[in-house]
Amino acid sequence: MTRPVLIPILGDQLSFSLSALQDVDKSDARLLMMEVAQETTYVPHHRKKIAFILAAMRHHAAALRDAGWQVDYVELDDPDNTGSFGGEIGRAVTRHDPLRIRVTEPGEWRVLEILRGLEAEHNLPLDILPDSRFLCSHKEFASWAEGRKQLRMEYFYREMRRKTGLLMEGDEPAGGRWNFDSENRKPADTDLFMPRPLDVEPDATTRAVLELVEARFPDGFGTLTPFRFAVTTEDAEKALERFIDEALPRFGDYQDAMLTGEKYLYHSVLSPYINAGLLDPLHVCRKAEQAFLDGDVPLNSAEGFIRQIIGWREYVRGIYWLKMPDYAGANHFGASRPLPDFYWSAETKMACLREVIGQTRDEAYAHHIQRLMVTGNFALIAGIDPHQVHEWYLSVYADAFEWVELPNTVGMSQFADGGLLASKPYAASGNYINKMSDHCRNCAYDVKDRTGENACPFNALYWDFLIRNREKLGANPRLAQPYRTWDRMSAETRKDYLNAAARSLKRLEAGKL
């Protein structure tokens, strides 16, 4: 009998186009899929996130078997399950006596380190193949980044547009501009028709996973049901079609908007499916481009959506692999305040944070402005430890894998990398939230009150953040105007702001904000 090739497939590699599956004879391969406790507990993952990944894995294993692959699948409650990738690959080596191990590179540094140790541990050849589902290789990104003091996404994005030909008219961008972001900042009205992402009724396989997660993590974070995620490529494709037909036409205008009780507005909620492998990112972009070419979607919507995928998503992956492992520990401002308990409980008088965190608890989802300008903004200006912020985002969102979440948090949201990724900190007062949402209308705090007892905490904390970090931020040209504004204030006004900030931080520490 010929010794097989052992091919481990991870929970975010649920794609038939996976590089490890190419040019392999199905009869000579044994695919290994593992549900391991280590991956469900290294941060306190949202229960919906765990259920989504496990259900998608089980459905993908069935699809692989239907396609003729031999799949060795280890479930989480298997009594012999060792609970770790290393342990389960070791047991599979004993079961199958493989000739070699072949794997597509993982998305996370710590998993790569585990896999790299297999060759010596089992005295077997190990082939780690590039993940061809991404447009930009590590080498290509490193070449682009070489010699640049600042790694701005906009210039990288243009290279990806040229490489893919998406929204290009010859050598020029469609519409004569690369970026239509300035047209994508409208606040939404409550009387607009709001489409909904596709809801998928759980089948028997998914229901079994939900029962497992409920039993295994009864006190885990997040509401488990109702569970409506797609867990197959077929249903993810239906979700893509729903988004393009019903939401993409208005996505551009309102992608930065927030409304109380409206969890999705015009957002796609496709990122969990793309990041897990159920949808191919370039395929998603081609569908959006075609909708524009057919006249069904305006250019600002198609461009804004495509930029998130071939621009931002590829860019943060490049940053991650270029700068890890040290990047995870970056803390430019030396922020050390612990993450407030209300990030888990949603028990705060601040309406915007209560809304976003409550939605996160219920859905394992929030869109990028909710993450950046509400939960991220508050953590930044309150001086929360960026590593704790990073672990929270990694825990609570169904689309969060470290390669995409860490640069978004450490670089974009918390400016903890000192400006490698973002040109300025995304700090804002309550005025921004009031402009882009309706949350302030029903808040216990007054967004128009700047320093009083009932003032919105964002207002004074914004100035407190700028002043306590002036030594590190004062030379930033994008912050010149705020610092000039501060310097023009009277001494009494400045004192009032700093006292109000101290009052808010004292309330925060007491759990009364």
Side-chain angles (χ1 to χ4, degrees), residues 43-44 219 221-222 329-361 366 370-396 409-410 413-416 425-434 439-440 442-473 482 486 492-513:
V43 292
D219 301 318
F221 176 73
N331 190 352
H332 180 64
F333 298 124
S336 59
R337 186 167 280 106
L339 188 76
D341 289 343
F342 65 68
Y343 272 70
W344 300 103
S345 68
E347 294 175 1
T348 171
K349 292 185 289 184
M350 291 176 283
C352 57
L353 282 157
R354 187 172 64 245
E355 176 77 10
V356 173
I357 295 168
Q359 173 187 314
T360 296
R361 176 198 61 217
Q370 293 175 309
R371 301 187 202 195
L372 178 65
M373 297 309 299
V374 180
T375 51
N377 180 17
F378 182 83
L380 173 67
I381 62 179
I384 308 303
D385 181 340
H387 188 74
Q388 292 189 28
V389 181
H390 145 60
E391 289 200 334
W392 183 78
Y393 280 111
L394 184 60
S395 300
V396 301
T409 302
V410 167
S413 173
Q414 300 304 295
F415 205 76
Y426 278 83
S429 69
N431 183 57
Y432 176 88
I433 296 169
N434 190 39
H439 299 327
C440 301
N442 296 301
C443 185
Y445 296 103
D446 183 356
V447 71
K448 298 188 183 303
D449 187 345
R450 298 176 179 180
T451 60
E453 286 290 329
N454 202 41
C456 170
F458 281 87
N459 291 339
L461 288 175
Y462 167 74
W463 289 112
D464 187 65
F465 165 76
L466 288 181
I467 299 316
R468 71 175 181 266
N469 294 301
R470 190 165 192 170
E471 185 175 336
K472 294 183 176 180
L473 294 174
W486 174 264
E492 183 179 359
T493 298
R494 292 199 296 262
K495 181 181 178 181
D496 287 344
Y497 269 122
L498 297 181
N499 285 341
R503 187 167 60 243
S504 289
L505 292 174
K506 187 175 181 179
R507 289 173 177 171
L508 178 66
E509 291 168 1
K512 296 179 179 179
L513 196 60

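- Residues Leu353 and Val374 meet the side-chain proximity criterion, which asks for heavy atoms closer than 4.5 Å.
- By the 30° and 60° cut-offs, the orientation of the rings of Phe333 relative to Phe415 is parallel.
- Met350 has its side chain within reach of Leu513: a pair of non-hydrogen atoms, C-beta onward, lies under 4.5 Å apart.
- Taking the six-membered ring where the residue is Trp, Trp392 and Tyr343 present perpendicular rings, their angle passing 60° and hence far from 30°.
- Scanning all heavy atoms of the two residues, the minimum distance from Ala444 to Asn454 falls at O-OD1, 2.9 Å.
- Pairing each heavy atom of Ala382 with each of Arg468, the nearest pair is C-NH2, 3.6 Å.
- Put simply, the side chain of Asp446 never gets that close to the backbone of Ala455: no donor and acceptor are under 3.5 Å apart.
- When side chains are defined from C-beta on, Arg337 counts as touching Glu509, because their heavy atoms get closer than 4.5 Å.
- A 4.5 Å side-chain heavy-atom check between Phe378 and Leu461 finds at least one atom pair inside the cut-off.
- In this structure, Cys352 and Phe458 have side chains that are in contact, with non-hydrogen atoms separated by less than 4.5 Å.
- Look at Arg354 and Glu347 and you find no salt bridge, because none of the NZ, NE, NH1 or NH2 atoms lies under 4.0 Å from a carboxylate O.
- Residues Leu498 and Trp463 have side chains not in contact (no heavy-atom distance under 4.5 Å, counting atoms from C-beta outward).
- Here the side chains of Glu453 and Arg503 are in contact, with some heavy-atom distance below 4.5 Å.
- The minimum heavy-atom distance linking Tyr393 with Ser413 is given by the pair OH-OG, 4.3 Å.
- In terms of heavy atoms, Val389 sits closest to Thr409 at CG1-CG2, 3.8 Å.
- The shortest heavy-atom contact between Ala460 and Ala501 is CB-N, 3.5 Å.
- Under the side-chain contact (heavy atoms from CB on, under 4.5 Å) criterion, Lys506 pairs with no residue at all, not counting sequence neighbours.
- Ring pair Trp344/Phe221 is perpendicular by interplanar angle, where above 60° counts as perpendicular and below 30° as parallel.
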